[in-house]
Amino acid sequence: MSDTILSSIERGLAESIGSMTQGDGYNFDWGTVNQPDEALQTFPSAEIALEVENCLDDAGGIWSDAYELESIYIIRVRAQLSNETERPAYEINSELSLALDDLKKCFGINYHASNSCDLVMYMGATRVPDARSDIFRPAHMDVRFRVRYTMDRQDPHINAE
């Protein structure tokens, strides 16, 4: 079975994130990508999820043989404090901000992320307090990226150019 465009994009996003190192000018050597078990994660970690896919075609548009598509991906970033602090809910913010800078740089450079997409664009980020009151991981951050690509109408496994 051939690879789907969405699978290719998601794999490209994961590979781009997983390849970030301090030696390449990033703030962190990124730990884990798409490991659902937090006990097995190294930090910062990233979990990639498709939020929504939208078709951008206009009725009667010029792309009669292809779909012009846009997907919104959420990259959940988890960071961890190395020491106990008096204000962990605020101290984690600097770690999350550094991780956000890494993602912006990563996809500013690798804005195609895979051969399947035309463009990866940063949309925004939200810091989310953790309800478990973990003093080392008191919050995570959800970062949204818009990914644009085209898909052949007859064979949805291939891009349309």
Could you check whether any side-chain heavy atom of Met141 comes within less than 4.5 Å of a side-chain heavy atom of Leu100, counting everything from C-beta outward?
yes
Looking at CD1 of Ile135 and CD1 of Ile92, how far apart are the two atoms once the value is rounded to the nearest 0.5 Å?
11.5 Å
Could you tell me the separation between the CD atom of Glu47 and the CG atom of Asp142, rounded to the nearest 0.5 Å?
9.0 Å
Do the ring centers of Tyr73 and Phe145 come within less than 6.0 Å of each other?
no
Under 4.5 Å between any side-chain heavy atoms of Ser71 and Tyr149, yes or no?
yes
Is the NZ or CZ atom of Arg78 both under 6.0 Å from the centre of the six-membered ring of Phe43 and within 45° of that ring's axis?
no
N-O pairing of Asp24 and Lys105 below 4.0 Å
no
More than 12 heavy atoms of other groups within 6.0 Å of Tyr26 OH
yes
Without swapping roles, check the side chain of Gln22 against the backbone of Asn27 for a donor-acceptor pair under 3.5 Å.
yes
Could you go through the side chain to side chain donor-acceptor pair (under 3.5 Å) check for Ser116 and Ser8 one step at a time?
CA-CA 6 Å; Ser116 295; Ser8 174; 2.9 Å; yes
Could you see if Leu98 belongs to whatever hydrophobic cluster contains Trp30? Use Ile, Leu, Val, Met, Phe, Trp, Tyr and a side-chain cutoff under 4.5 Å.
yes
Let me check something: do Leu50 and Phe107 share a hydrophobic cluster, defined by ILVMFWY side-chain heavy atoms less than 4.5 Å apart, either directly or through other members?
yes
Show the numbers, then the answer: is there a side chain to side chain donor-acceptor pair (under 3.5 Å) between Ser97 and Arg127?
CA-CA 9 Å; Ser97 292; Arg127 292 181 186 143; 2.6 Å; yes
Measure the shortest side-chain to side-chain distance between Glu95 and Leu81 over non-hydrogen atoms and say whether it is less than 4.5 angstrom.
yes
May I ask you to say whether Arg148 pairs ionically with Glu68, meaning some side-chain N is under 4.0 Å from a carboxylate O?
no
